[in-house]
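What follows is a set of notes on a single structure, which appears directly below.
This one's a predicted model, so the numbers in the text were calculated from it and none came from an experiment. Each chain gets a letter, A, B and so on, in the order the sequences are listed, and its residues count up from 1.
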Amino acid sequence: MKTPLVELPISTNAGQFVARYSEKGLAELRFPSVGRASQRAVKPIGISAPIRRWHRATAAALKAVLAGRSPGKLPPLDLAGTEFQKSVWRALRKIRSGQTKSYGEIARAIGKPTAVRAVGGACGANPIPVLIPCHRVLAANRKIGGFSGGLNWKRTLLAREGAIFR
DNA sequence: AGGCTCATGACTC
DNA sequence: GAGTCATGAGCCT
């Protein structure tokens, strides 16, 4: 049986993100929901010390990336996905700030050069956008490609990092 | 440049 | 199994 995730907000100059934690680490990060102005404050009571510590790291990392810098130290990640998806997410974490790769390059990097489309699928299934930088994956011609959180987010993040794209 | 078609792998129902 | 893609390459116009 699955224990529910602890949900904590992160206020940034780009809106309020929401982080979710399991007992093993950061499990999900969600973009600010549009149309929803604010959300109830979460009491620090009842939240374990490790989660509070992880949350500070998450918030700092998120703000760093939003400012176009490297995230620094991340909390432990508790990623739920297939082996294929996890291998894609591992490859994404190697893309440095300001750099980009194509879906095809990721496919080759994980040893499945023909699984290009599947790489796109795995990017879309990424539970921790921004910190696992799925926004740094472009189509082959440096065109923008897609983004599950909305293309504007992808453009914004890339622009803040100074990456080159169309 | 844009548009179409096809091969393709993982995932979902 | 069929249908769905955040692709990519090739071939048009």
Verdict with reasoning, A/F147 to A/N152, per side chain to side chain contact (heavy atoms under 4.5 Å, CB included): CA-CA 9 Å; A/F147 199 64; A/N152 279 341; over 6 Å; no
If every non-hydrogen atom of [X] is compared with every non-hydrogen atom of [Y], which pair is closest and at what distance?
X: A/P32; Y: A/W153; answer: CD-CZ2, 3.6 Å
X: A/C134; Y: A/C123; answer: CB-O, 4.2 Å
X: A/S70; Y: A/A64; answer: O-CB, 3.4 Å

Listed partners of A/E23 passing side-chain hydrogen bond (donor to acceptor under 3.5 Å, both in side chains), at least two apart: A/T3
Common cluster, A/V18/A/L5, ILVMFWY with side-chain heavy-atom separation under 4.5 Å: no
Connected via hydrophobic side-chain network under 4.5 Å: A/F31 and A/L26: yes
Salt bridge (charged side-chain N to carboxylate O under 4.0 Å, His left out) partners for A/K94, two or more places apart: none
Rounded distance (nearest 0.5 Å) linking atom OG of A/S48 with atom CH2 of A/W54: 6.5 Å
Approximate separation, where rounding is to 0.5 Å, of A/L62 CG and A/I10 CD1: 5.0 Å
Residues from residues 150-166 of chain A lying under 4.0 Å of DNA chain C - heavy atoms: none
Check nucleotides 11-13 of chain B against the protein and report each pair of N or O atoms closer than 3.5 Å, with its distance, or say if there are none.
residue	atom	partner	partner atom	Å
B/dC11	OP1	A/T82	OG1	2.1

Distance-only donor-acceptor hits, side chain of residues 158-166 of chain A, under 3.5 Å, sequence neighbours excluded:
residue	atom	partner	partner atom	Å
A/R160	NH1	A/L66	O	2.9
A/E161	OE1	A/G98	N	3.4
A/E161	OE1	A/R136	NE	2.8
A/E161	OE2	A/H135	NE2	3.0
A/E161	OE2	A/R136	NE	3.3
A/E161	OE2	A/R136	NH2	2.8
A/R166	NH2	A/N141	O	3.2

Positive for side-chain contact (heavy atoms from CB on, under 4.5 Å) with A/T58, one of A/I128, A/L8, A/L131, A/I51: A/L131
If you look only at distance, which donor and acceptor atoms sit under 3.5 Å apart when one is on a side chain in residues 74-91 of chain A and the other is two or more places apart or in another chain?
residue	atom	partner	partner atom	Å
A/D78	OD2	A/S22	OG	2.5
A/T82	OG1	A/Q85	N	3.1
A/T82	OG1	A/Q85	OE1	3.4
A/Q85	OE1	A/T82	N	2.9
A/S87	OG	A/F84	O	2.7
A/W89	NE1	A/A122	O	2.9

Verdict with supporting geometry, A/V137 and A/K101, side chain to side chain contact (heavy atoms under 4.5 Å, CB included): CA-CA 5 Å; A/V137 187; A/K101 280 194 182 299; 5.5 Å; no
Those residues of residues 110-144 of chain A lying under 4.0 Å from DNA chain B by at least one heavy atom: A/K112, A/T114, A/A115, A/R117, A/A118
Nucleic acid contacts of residues 87-105 of chain A, taken as heavy-atom distances under 4.0 Å to DNA chain B: none
Intra- and inter-strand pairs of DNA chain B in dot-bracket (Watson-Crick or G-U wobble, both distances under 3.5 Å; | for another strand): |||||||.|||||
Could I get a table of every N or O pair under 3.5 Å where one atom is in the protein and the other is in nucleotides 10-13 of chain C?
none

A/R30 atom CZ, neighbour heavy-atom count above 12 within 6.0 Å: no
Got a list of side-chain donor-acceptor pairs under 3.5 Å for residues 103-117 of chain A, not counting sequence neighbours?
residue	atom	partner	partner atom	Å
A/Y103	OH	A/K154	NZ	3.4
A/E105	OE1	A/S102	N	2.8

Partners passing ring pair (Phe, Tyr, Trp, His ring centres under 6.0 Å) against A/Y21 (at least two apart in sequence or in another chain): A/H55
